[in-house]
Amino acid sequence: QVQLVESGGGLVQPGGSLRLSCAASGSMFSISDMGWYRQLPGKQRELVAGISSGGSTNYVDSVKGRFTISRDNAKNTVYLQMNSLKSEDTAVYYCNAWIRIRDGTPWTFYWGQGTQVTVSS
């Protein structure tokens with residue numbers, strides 16, 4: 001019914017920038033908190049940044065001052081602006097959102113398909 005579709009990943013040099021986008025598609029649904037996770041090679045998936053329906057944000061310490069999460073509620077889209085990228089940022093990035101189809105139904109945690117970000121010379 002509802003899908004999260006990611007875009008914006010790719011190969012970038014150290015010190016460069018990328019912007020990831022994640023848009024929810026479907027009809028007759030509501031979205032609450034949204035965020036971005038990443039899975040580094042050989043590591044557990046970790047929360048990178050989150051944003052509430054009211055716009056409050058939080059970040060993992062390693063990206064503070066470099067990454068910015070934002071959302072456009074009219075477009076049902078969450079963004080991750082990544083600046084001053086480092087090789088250790090190389091990972092598969094996943095967006096997520098709490099979504100319910102209609103009032104009275106449970107909120108459900110949805111994942112995007114994942115997009116590869118590679119930081120290398």
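Values below: all heavy atoms of this structure, side chains included; hydrogens, waters and symmetry mates excluded.
A search for side-chain hydrogen bond (donor to acceptor under 3.5 Å, both in side chains) contacts involving Gln3 returns nothing, not counting sequence neighbours. Under the rule for a side-chain hydrogen bond (donor to acceptor under 3.5 Å, both in side chains), the partners of Ser17 that lie at least two apart in sequence or sit in another chain are Asn83.
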Report, one line per pair, each donor and acceptor closer than 3.5 Å where one atom sits in a side chain of residues 114-121; sequence neighbours left out.
from, atom 1, to, atom 2, distance (Å)
Gln116, NE2, Ala91, O, 3.4
Gln116, NE2, Thr118, OG1, 3.3

Enumerate donor-acceptor pairs with a distance under 3.5 Å from any side-chain N or O in residues 97-111 to protein atoms, sequence neighbours excluded.
from, atom 1, to, atom 2, distance (Å)
Arg100, NH2, Asp103, OD1, 3.4
Thr105, OG1, Arg102, O, 2.7

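Residue pairs meeting the salt bridge (Lys or Arg N to Asp or Glu O under 4.0 Å) criterion with at least one partner in residues 42-56, sequence neighbours excluded, are Arg38-Glu46. Among residue pairs with one or both ends in residues 56-88, none qualify as ring pair (Phe, Tyr, Trp, His ring centres under 6.0 Å); sequence neighbours excluded. Within the structure, side chain to side chain donor-acceptor pair (under 3.5 Å) pairs that include any residue of residues 24-33 do not occur (at least two apart or interchain). Residue pairs that meet the salt bridge (Lys or Arg N to Asp or Glu O under 4.0 Å) test with at least one member in residues 65-75, sequence neighbours left out, are Arg66-Asp89. For residues 92-121, the disulfide bond (SG atoms under 2.5 Å apart) pairs, not counting sequence neighbours, are Cys22-Cys95. Residue pairs satisfying the disulfide bond (SG atoms under 2.5 Å apart) criterion with at least one member in residues 53-84, sequence neighbours excluded, are absent.
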* Asked: Would Trp36 and Ile69 satisfy side-chain contact (heavy atoms from CB on, under 4.5 Å), going step by step from the backbone distance to the final call?
  -> CA-CA 8 Å; Trp36 291 92; Ile69 188 171; 3.8 Å; yes
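Here the shortest heavy-atom pairing between Leu4 and Ala24 reads CD2-CB, 3.6 Å. Smallest separation of non-hydrogen atoms from Leu18 and Leu85: N-CD1, 3.9 Å.
Within the 4.5 Å cutoff, side-chain heavy atoms of Tyr93 are placed close to those of Leu80.
Clustering ILVMFWY residues whenever any of their side-chain heavy atoms sit less than 4.5 angstrom apart, transitively, puts Met34 in the very cluster that holds Val2.
Residues near Val5 contribute nothing to a hydrophobic cluster around it, because no ILVMFWY side-chain heavy atom sits closer than 4.5 Å to its side chain.
To the nearest 0.5 Å, atom OG of residue Ser62 and atom NZ of residue Lys86 are 8.0 Å apart. Put simply, CD1 on Ile51 and OG on Ser70 are 6.5 Å apart, with the number rounded to the nearest 0.5 Å.
Considering Val12, Leu20, Thr68 in turn, Leu20 is the only one that fulfils the side chain to side chain contact (heavy atoms under 4.5 Å, CB included) rule with Met82.
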